[in-house]
J.: 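Please read through the structure below; I'll follow up with questions.
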Number of protein chains: 4
Amino acid sequence: MGREEKKRQTKLAITNAAFKLFSENGYESTKVEDIVKLAGVSKGTFFNYFPTKEAVIEDFERISIYSEAEKLMNITSPVVPKLLSSLINIVHNLNYTRSLRRATLMATLSSANNLNNHIDNMNNLRALLIPIFKHGQETGEFTQKLSPETLADLTIQMFIGVLTHWCLGGGEDDLITQLMMSFDVFFKGISS
Amino acid sequence: MGREEKKRQTKLAITNAAFKLFSENGYESTKVEDIVKLAGVSKGTFFNYFPTKEAVIEDFERISIYSEAEKLMNITSPVVPKLLSSLINIVHNLNYTRSLRRATLMATLSSANNLNNHIDNMNNLRALLIPIFKHGQETGEFTQKLSPETLADLTIQMFIGVLTHWCLGGGEDDLITQLMMSFDVFFKGISS
Amino acid sequence: MGREEKKRQTKLAITNAAFKLFSENGYESTKVEDIVKLAGVSKGTFFNYFPTKEAVIEDFERISIYSEAEKLMNITSPVVPKLLSSLINIVHNLNYTRSLRRATLMATLSSANNLNNHIDNMNNLRALLIPIFKHGQETGEFTQKLSPETLADLTIQMFIGVLTHWCLGGGEDDLITQLMMSFDVFFKGISS
Amino acid sequence: MGREEKKRQTKLAITNAAFKLFSENGYESTKVEDIVKLAGVSKGTFFNYFPTKEAVIEDFERISIYSEAEKLMNITSPVVPKLLSSLINIVHNLNYTRSLRRATLMATLSSANNLNNHIDNMNNLRALLIPIFKHGQETGEFTQKLSPETLADLTIQMFIGVLTHWCLGGGEDDLITQLMMSFDVFFKGISS
DNA sequence: AATGAATGAGGCTTCATTCAT
DNA sequence: TATGAATGAAGCCTCATTCAT
């Protein structure tokens, strides 16, 4: 195993450990000491890979709900089934547990920087969804009482609602079941 | 002013200060020192009123979304307009700013105790909503494809979705507008 | 003993301890732990009085060679004996040991800030000396081949030379003896 | 280029880098990492050439003011001009900047070992100067009120005074000008 | 009841040094 | 001989909490 490969593994071990602990106990309660113990490296090594403890949390953005948004891009008619399967796919890839989603949400809430990232990502996703809904309106799938912008926004809101309610202990234990049921209602609500 | 009144005022000053700072900077970043400075009391006084710093956060539950749930109890047909006006009423009384809602959400996420409170409150609310939806189904307002339990759950989810999306920067600046628009879609989605 | 008096004593205990240790072992080798142990207070108390470890060193400026410069201001003819007695007086009040002077010199050398303070102080002292030498030249005490500015500068240099050579182990053990002998030669060198 | 030559060059690169950084930022603030980065070698290499970081500072003695003292040995009458030109020569060869002299002074102050080296060197120089002054007294160049030992000591003190005052920002920008002016006064002060 | 000085456990981070490659 | 990833002891500093006044 080459040096570079070893480095990648070390960094991964640290990230995974931090990941696990943050999601179980939250950022502030997780000590660097805990992370390195779980990762099986020394404290010095931790700071060889991350300048501060806070720097690790940025890797959490990797698993934000927006990470796979680009997959939504080439959706064609009929919109609903493909959109739904895309959303399911995103959730599937995120591989969330309730506690992991809570940790991710806390990460978003815990710093102005992360919050701004969230807003940027949300706007990007919104921009992707707008033409999709426009198209859907033209083909008669969706109500025209609401603008495509609003429809895009409500979709994101629905998605966040499912995730948040679920991570706070509500809904079905299986996130995807909950997601499908919720969007069933939602799509009916915005149908023409 | 009597001694008891003075004490109540002091406690209120502390709570309000903590309240403001938690909502602006989060729980962990807010120091007891900051709170007492803003409240205009000494550190010693703080600990005369609250055994620990964490004890203050429990007062945040005062503004949880469940605080006014009992007002939902005597809803009669037709369900939709009264339910909607109740929800609006709750939001109105909460007097949220985006940052205040973020703080409340962080408070819920930041301790197992608060999370359990949330779950208890949610279940209480759910218990209140179930007969309402049952009634609504009987009178033909709501679809019968979903159980009253599910409808209650989806309502809570919708409510949380609006609040979360909004506090993270999404939706209309006016929370009530956003709420009405969202529940319009939702009620259409669960109509019979 | 009042609270304020107690505070002054605590701060003094810390300063004195730091003072002693810095002069014996140097700034970097002295740990905050050492200081508080010697001062008989806790680490927390240290940081109640000084925001950082470095902040303590600024108190060292109190014993800089310039601290009593203002006493030079009202010197009248003949200049030499009064100037000499002033210099002796300054040294006397500084109460230097060789190691303490070394520590003070290191403090000056160890940060750009302290160095700038030194330069400022030096220029103030120089400004005080210039009219004195001007006066001394007019009354015929000093050579006119050198400007009053240069004479002031050479005086400071001589003073620093004595202190530095002495603290590095040279000269008489008694600093004042060394100072008098040196300025005897110096004043002869700049006599008219 | 032979292997030995390569090694010498590597060591020189390290020494020069350390040299530069110590003089700019001081010993403690200069990290081994900084040195090796500037020298263009790895950390491992550094420790192949020097057992510890502190070992590098001993190379600073190369540029101590005593390094060329032996040139003073065969001074003949008249003493003053030759002594002065020797001192100028020493300063010239040292090639000091103010910051470099500060670094050298800090090196002397920063360890008991270096301080002892300074004292040894000073005593050697003193031993060289004593017969010179004795000779100068016999030929009538210098006052007999002071012993040759004292004269030697005052000379060293003057030299150190010039260097210290200058490196702390005082005197002429050109060190040699400052040196000549100062020793002019000094030699007049010790003339017979 | 109010004060704020004192506490000290415990956190994050630094950095000279080692050693396997 | 050169490399640089890994190490871990040790340092500075924070801050909730206590308690004498």
Side-chain angles (χ1 to χ4, degrees), chain A residues 1-4 6-11 14 28-36 39-56, chain B residues 3-4 6-7 10-11 28-37 40-56, chain C residues 1-4 6-11 14 28-36 39-55, chain D residues 3-4 6-7 10 28-37 40-56:
Chain A
M1 175 168 49
R3 239 186 206 190
E4 286 307 313
K6 191 100 184 284
K7 271 174 75 174
R8 206 175 317 121
Q9 286 205 0
T10 303
K11 180 160 192 177
I14 294 171
E28 306 274 0
S29 303
T30 302
K31 314 308 169 195
V32 172
E33 172 118 20
D34 303 333
I35 298 171
V36 300
V41 300
S42 72
K43 249 189 264 194
T45 298
F46 178 93
F47 287 99
N48 284 343
Y49 285 89
F50 297 96
T52 63
K53 177 190 165 190
E54 202 173 5
V56 192
Chain B
R3 183 172 283 193
E4 284 309 309
K6 185 102 186 285
K7 276 172 70 174
T10 303
K11 181 160 189 176
E28 305 276 359
S29 301
T30 301
K31 316 304 170 203
V32 172
E33 172 112 25
D34 302 332
I35 297 170
V36 300
K37 212 173 277 174
V41 299
S42 72
K43 255 192 246 190
T45 300
F46 178 94
F47 285 98
N48 282 342
Y49 286 90
F50 296 96
T52 65
K53 177 190 167 189
E54 199 172 6
V56 191
Chain C
M1 173 169 50
R3 238 187 207 188
E4 286 306 313
K6 190 100 185 283
K7 271 174 76 173
R8 207 174 316 122
Q9 288 204 0
T10 303
K11 181 159 191 177
I14 294 170
E28 307 274 0
S29 303
T30 302
K31 314 306 169 196
V32 172
E33 173 118 20
D34 303 333
I35 297 171
V36 299
V41 299
S42 72
K43 245 188 271 193
T45 298
F46 178 93
F47 288 101
N48 282 344
Y49 286 89
F50 297 96
T52 63
K53 177 189 165 191
E54 202 174 5
Chain D
R3 183 173 283 195
E4 284 308 310
K6 186 98 184 288
K7 277 172 69 176
T10 302
E28 305 276 359
S29 301
T30 301
K31 317 303 172 205
V32 171
E33 173 113 24
D34 303 332
I35 297 171
V36 300
K37 212 174 276 173
V41 299
S42 71
K43 257 194 244 189
T45 299
F46 179 94
F47 286 99
N48 284 341
Y49 285 90
F50 296 95
T52 66
K53 178 190 167 190
E54 199 172 6
V56 191

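Each chain gets a letter, A, B and so on, in the order the sequences are listed, and its residues count up from 1.
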J.: Restricting to non-hydrogen atoms, name the atom on B/Thr30 and the atom on B/Ile35 that form the minimum distance, rounded to 0.1 Å.
T.: CG2-CG1, 3.7 Å

J.: With rounding to the nearest 0.5 Å, note down the distance linking OG in B/Ser42 to CD in B/Glu33.
T.: 11.0 Å

J.: Identify the pairs formed between an N or O of the protein and an N or O of nucleotides 14-16 of chain E at a distance under 3.5 Å, and give each distance.
T.:
from, atom 1, to, atom 2, distance (Å)
E/dC15, OP1, D/Lys31, NZ, 2.6
E/dA16, OP1, D/Lys53, NZ, 3.4
E/dA16, OP2, D/Val32, N, 3.0

J.: I want to verify a distance call: between E/dA6, F/dG4, F/dG8, whose nearest atom is closest to the C/Ser42 side chain?
T.: E/dA6

J.: To the nearest Å, how far apart are B/Phe50 CZ and F/dT17 P?
T.: 13 Å

J.: In whole angstrom, what separates D/Phe46's CZ from E/dC19's P?
T.: 18 Å

J.: For B/Thr52, what residues pass the side chain to side chain donor-acceptor pair (under 3.5 Å) criterion, not counting sequence neighbours?
T.: none

J.: Using a 3.5 Å cut-off on both pairing distances, which stems of three or more Watson-Crick or G-U pairs include DNA chain E?
T.: E:2-21 with F:2-21

J.: Using only side-chain N and O atoms of C/Thr10, determine if any of them is under 4.0 Å from OP1 or OP2 of E/dA5.
T.: no

J.: Using the ring-ring contact (aromatic ring centres under 6.0 Å, His included) criterion, which residues pair with B/Tyr49? Sequence neighbours excluded.
T.: none

J.: Go nucleotide by nucleotide along DNA chain F from the 5' end; which of A/Val41 and B/Glu54 gets its closest nucleotide reached first?
T.: A/Val41

J.: What pairs with C/Ser29 under side chain to side chain donor-acceptor pair (under 3.5 Å), at least two apart in sequence or on another chain?
T.: none

J.: Starting from P on F/dA10, measure out to CD1 on C/Ile35 and report it in whole angstrom.
T.: 18 Å

J.: Return the NZ to NZ distance between B/Lys43 and B/Lys37, rounded to the nearest 0.5 Å.
T.: 9.0 Å

J.: Just how far is it from atom NZ of B/Lys53 to atom CD of B/Glu28, taken to the nearest 0.5 Å?
T.: 6.0 Å

J.: Under the ring-ring contact (aromatic ring centres under 6.0 Å, His included) test, which residues partner A/Phe47, sequence neighbours left out?
T.: none

J.: Distance from A/Gln9 atom CD to A/Lys6 atom NZ, nearest 0.5 Å?
T.: 8.5 Å

J.: Using atom NZ of C/Lys11 as one end and atom P of E/dA5 as the other, report the distance to the nearest whole Å.
T.: 12 Å

J.: Rounded to the Å, how far apart are C/Lys7 NZ and F/dA20 C1'?
T.: 16 Å

J.: Between P on F/dA16 and OH on B/Tyr49, what's the gap in Å once rounded to a whole number?
T.: 20 Å

